[in-house]
4 protein chains.
Amino acid sequence: MKNVDSTQDKRRDILEAAEKVFRANGFTAAKMDEIAELAGVAKGTLYLYFDSKQDLFVSLLEDRIWEYVATLTKKLEEVCSVQGFVQTLAKVRGQLFVKNRWLLESLSHSLPDFSKEFRMRIWNLRKGLEEPTIEALTRLLPPDYPIAPLQAAAMVNGALDYTVGTLILHGQPVVLEDVARALEYILLPGLSQAPGEDYSGQ
Amino acid sequence: MKNVDSTQDKRRDILEAAEKVFRANGFTAAKMDEIAELAGVAKGTLYLYFDSKQDLFVSLLEDRIWEYVATLTKKLEEVCSVQGFVQTLAKVRGQLFVKNRWLLESLSHSLPDFSKEFRMRIWNLRKGLEEPTIEALTRLLPPDYPIAPLQAAAMVNGALDYTVGTLILHGQPVVLEDVARALEYILLPGLSQAPGEDYSGQ
Amino acid sequence: MKNVDSTQDKRRDILEAAEKVFRANGFTAAKMDEIAELAGVAKGTLYLYFDSKQDLFVSLLEDRIWEYVATLTKKLEEVCSVQGFVQTLAKVRGQLFVKNRWLLESLSHSLPDFSKEFRMRIWNLRKGLEEPTIEALTRLLPPDYPIAPLQAAAMVNGALDYTVGTLILHGQPVVLEDVARALEYILLPGLSQAPGEDYSGQ
Amino acid sequence: MKNVDSTQDKRRDILEAAEKVFRANGFTAAKMDEIAELAGVAKGTLYLYFDSKQDLFVSLLEDRIWEYVATLTKKLEEVCSVQGFVQTLAKVRGQLFVKNRWLLESLSHSLPDFSKEFRMRIWNLRKGLEEPTIEALTRLLPPDYPIAPLQAAAMVNGALDYTVGTLILHGQPVVLEDVARALEYILLPGLSQAPGEDYSGQ
DNA sequence: AATGAATGAGCATTCATTCAT
DNA sequence: TATGAATGAATGCTCATTCAT
């Protein structure tokens with residue numbers, strides 16, 4: 001009992017320390033020494049829980065992403081309109097982005113020297129990250145909607161992430177409600193129109 | 001004169017070599033030795049033209065981005081409708097993304113250990129990259145459009161980049177015409193509607 | 001009683017595991033973890049029976065060498081001619097060499113970082129290994145034989161070991177009877193001749 | 001000119017430092033830092049001249065062994081009797097052994113973790129080391145001598161090395177003339193006898 | 001301006017040993 | 001006695017940068 005708990009505790013401590021250090025420095029510049037010190041364990045202990053720096057990094061991504069995916073999936077299952085979808089997405093994914101921008105950006109970056117196994121794990125994460133959005137859109141968009149859910153999801157997610165990223169870049173406060181409103185204003189008409197409709201404003 | 005030309009030639013040779021090596025390996029894994037060899041100069045010569053590896057990297061980004069910004073600015077100046085804007089953007093920025101994905105991703109990634117000066121130069125690039133889009137939208141959107149051009153631009157650019165990135169990730173062919181069409185279908189209604197209009201599909 | 005037996009059993013298990021691992025990897029590359037696992041005990045238990053990796057290694061050598069020395073001593077005591085000596089030696093020591101080449105080579109190799117105490121123990125082993133040969137030759141050679149038994153023994157042992165080693169190196173099968181015959185052919189005349197005899201072939 | 005010389009000088013300096021350090025500590029315990037310091041160069045410089053610690057080690061063996069092989073080959077070519085052969089061998093190989101005992105022992109030891117390439121290079125050295133002896137014996141022994149030169153050479157070399165090693169082990173002075181005499185006394189009769197001869201002293 | 005040999009700080013990983021249980 | 005989780009010192013190798021020529 002105690003052993004299992006203490007083992008899980010230590011693993012969690014290490015992941016938390018790793019998150020801070022990776023976030024602050026990026027993968028390459030992060031130092032295992034610093035992670036160990038921050039986690040309050042000896043350097044060698046890191047290797048009892050993770051095979052390598054790469055494994056630690058990807059395990060961290062997995063831990064955080066799967067947790068987020070589960071949350072988002074649950075929230076989106078309760079949604080029954082495209083509008084609700086956009087609002088929920090903006091809130092949940094936007095929050096993730098604000099808190100873990102580096103994490104999402106790490107995913108879309110090919111890390112140096114990563115072995116095939118790790119590239120595969122990252123690839124799975126990237127795909128998994130889109131799953132809830134794709135699923136929700138598949139359910140909510142009209143069956144004859146002319147854009148594939150994969151692409152529609154990419155556009156919504158891209159618009160959301162990039163907007164939040166831009167606000168951060170420009171030092172402006174990120175108010176997710178405002179972002180949600182803008183997202184609705186720009187995307188909802190296109191997502192809501194019937195396939196045959198003339199969408200051009202002319 | 002001759003000296004200036006030869007100097008410029010060598011600088012260009014180095015930038016071209018650097019582009020290939022950085023693209024193939026990313027910043028950290030790229031080696032100055034390889035760049036020098038590919039450029040046909042001695043290792044020490046690199047330091048006659050650039051202060052450091054970081055300087056070479058950022059100079060390369062600047063060189064390529066400003067060139068692209070000039071092109072896009074010119075193309076967008078000829079555009080006189082939101083629809084034309086979306087089509088032109090998809091073509092020009094989409095092309096850049098397909099060819100220089102690593103370049104754009106480098107911009108949005110916090111490079112490890114980069115000094116403040118370099119972070120600033122990269123920040124300028126990121127802002128400059130959005131300029132033409134913002135400018136065009138400022139001109140083309142109705143004056144009372146409720147979304148700030150900065151955010152609108154972010155959404156269009158994000159939707160475009162993320163869609164192309166997703167296609168690449170899934171190993172699907174990137175046909176920019178199709179991407180442009182999907183972009184139009186989803187974004188144009190929202191970008192074209194009058195401010196007071198009821199956009200919700202209900 | 002029971003305790004003693006069980007203790008002896010465990011000690012023997014560890015030595016057997018250690019033999020396999022040391023033989024396969026050599027001293028430095030052998031890992032205590034692997035030895036413990038193969039012996040079916042916990043890593044810490046090794047240190048209840050042996051002070052250190054070095055102690056385990058040298059204890060193993062001692063265990064095996066003294067056992068071999070006892071065997072050879074007994075066999076050589078029954079021998080009553082130089083020819084019988086050569087034959088018996090080729091058979092017994094040759095066998096040891098074929099089966100435990102690494103063991104003999106370990107003895108003649110200065111192990112890295114071994115402390116003085118351990119070097120001494122190894123030195124004793126090396127000397128002990130020659131004892132039976134020296135004793136037998138002292139008994140069998142004519143009292144006025146001009147070569148000291150120590151040197152004569154060294155020559156016989158060296159010729160034997162090196163020949164077997166060479167055969168192994170060249171991937172040739174080691175037939176100890178053949179080796180014994182060659183050894184006899186080359187060494188016996190010299191070992192058998194009376195001191196004053198003219199041994200040169202001229 | 002100067003560059004080539006200075007390059008050769010530095011390579012030689014490194015080899016000399018490596019010899020001292022490897023001799024004193026063995027391969028595994030030897031530290032590249034110490035070699036660099038002793039050679040008076042920076043650690044990185046070692047890697048300009050040798051690919052790795054293993055490469056440095058094997059290159060050193062090669063350098064020393066080939067030099068010795070050339071010397072021995074030349075000396076043995078002038079020899080025209082088995083007796084002369086034994087004397088010359090004792091002098092030249094004995095000298096090598098006294099000075100570079102660790103070197104010869106390194107050869108007959110399977111170094112830990114050595115890659116196939118390096119094992120091959122060491123194997124070639126071991127074979128090359130026997131070449132001059134085999135060649136000389138092939139020339140000097142009667143054509144119908146019943147022992148293959150390879151085995152005869154192994155016996156002579158083994159007897160010689162082991163004798164010298166034993167003297168060193170026992171702390172006795174190594175007088176090569178005495179060793180040569182003992183070697184002659186014991187080996188010459190066997191090496192000189194005609195094939196049909198009865199060699200047993202009985 | 002150009003070279004390229006030399007530098008040396010920096011770092012992930014291993015593994016014998018310990019000690020609380 | 002026995003365990004095995006935790007330790008942390010130890011080390012080969014890389015590569016951006018310098019500088020004598």
Side-chain angles (χ1 to χ4, degrees), chain A residues 2-3 6-7 10-11 28-37 39-56 113, chain B residues 3 6-7 10 27-37 40-57 113, chain C residues 3 6-7 10 27-37 40-57 113, chain D residues 2-3 6-7 10-11 27-37 39-57 113:
Chain A
K2 210 174 178 181
N3 280 341
S6 117
T7 281
K10 200 153 283 185
R11 191 189 145 92
T28 307
K31 285 162 197 113
M32 293 298 267
D33 288 47
E34 199 184 341
I35 294 174
E37 196 186 14
V41 300
K43 220 186 315 185
T45 306
L46 298 183
Y47 291 86
L48 292 180
Y49 291 86
F50 302 95
D51 290 339
S52 63
K53 189 185 180 186
Q54 291 192 5
D55 183 42
L56 172 55
D113 289 328
Chain B
N3 281 341
S6 128
T7 283
K10 200 155 283 186
F27 176 78
T28 308
K31 292 173 188 59
M32 293 298 267
D33 290 54
E34 200 183 342
I35 293 173
E37 194 186 16
V41 300
K43 221 188 312 185
T45 306
L46 298 183
Y47 290 84
L48 295 177
Y49 291 86
F50 301 94
D51 289 340
S52 65
K53 190 187 181 186
Q54 291 191 4
D55 182 41
L56 172 55
F57 182 74
D113 285 331
Chain C
N3 280 342
S6 131
T7 283
K10 201 155 283 187
F27 175 78
T28 307
K31 291 172 189 58
M32 294 297 268
D33 290 53
E34 199 183 343
I35 293 173
E37 194 187 17
V41 300
K43 223 189 311 185
T45 306
L46 298 183
Y47 291 85
L48 296 177
Y49 291 86
F50 301 94
D51 290 340
S52 64
K53 189 184 180 187
Q54 291 191 5
D55 181 42
L56 172 54
F57 183 75
D113 285 331
Chain D
K2 208 172 178 183
N3 280 340
S6 119
T7 282
K10 198 153 284 185
R11 189 188 147 92
F27 176 78
T28 307
K31 286 163 196 112
M32 292 299 266
D33 288 47
E34 197 183 343
I35 294 174
E37 196 184 17
V41 298
K43 218 188 312 185
T45 305
L46 298 183
Y47 292 86
L48 292 179
Y49 290 85
F50 302 95
D51 290 340
S52 63
K53 189 185 181 186
Q54 290 191 6
D55 182 42
L56 172 56
F57 182 75
D113 289 328

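Naming convention: chains lettered A, B, ... in sequence-line order (proteins, then strands); numbering from 1 in each chain. Given the structure is predicted, the values throughout are model-derived calculations rather than measurements.
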Minimum-distance nucleotide (side-chain atoms of K31(C) versus dT7(E), dA16(E), dT1(F))
dA16(E)
By a strict heavy-atom criterion of less than 4.0 Å, which residues belonging to residues 45-53 of chain A are in contact with DNA chain E?
Y47(A), S52(A), K53(A)
Checking D55(D) now: which residues fulfil side chain to side chain donor-acceptor pair (under 3.5 Å) with it, not counting sequence neighbours?
S59(D), R121(D)
d(CG, L56(D); P, dG12(F)) in whole Å:
11 Å
Quick one: side-chain contact (heavy atoms from CB on, under 4.5 Å) partners of E37(C), sequence neighbours excluded?
none
Salt bridge (Lys or Arg N to Asp or Glu O under 4.0 Å) contacts touching residues 44-54 of chain B (sequence neighbours left out)
none
Between P on dT7(E) and CD on E37(D), what's the gap in Å once rounded to a whole number?
13 Å
Roughly, in whole Å, what's the span from CG in D55(C) to C1' in dT17(E)?
14 Å
Run the side-chain contact (heavy atoms from CB on, under 4.5 Å) test against Y49(D) and tell me which residues pass, sequence neighbours left out.
T7(D), K10(D), R11(D), I14(D), T45(D)
Which comes earlier along DNA chain E counting from the 5' end, the contact point of V41(B) or that of M32(C), where each point is its nearest nucleotide?
V41(B)
Nucleotide dA6(F), atom P - distance to CG of D33(C) in whole Å
15 Å
Distance, rounded to the nearest Å, where E34(A) contributes CD and dG10(E) contributes P
14 Å
Salt bridge (charged side-chain N to carboxylate O under 4.0 Å, His left out) partners of K43(B), counting only residues at least two apart
D33(B)
Nearest whole angstrom, please: distance from the P of dG12(F) to the CD of Q54(D).
11 Å
Mind calculating the distance between NZ (K43(A)) and P (dA16(E)) to the nearest angstrom?
18 Å
Nucleotide dT11(F), atom P - distance to CD1 of I35(D) in whole Å
12 Å
Given that both pair distances must be under 3.5 Å and the pair must be Watson-Crick or G-U, what runs of three or more consecutive pairs involve DNA chain E?
E:2-21 with F:2-21
5' priority, DNA chain F, between K10(C) and A30(D) [closest heavy atom]
K10(C)
Could you check which of dG8(E), dT3(F), dT17(E) has an atom nearest any side-chain atom of A42(D)?
dG8(E)
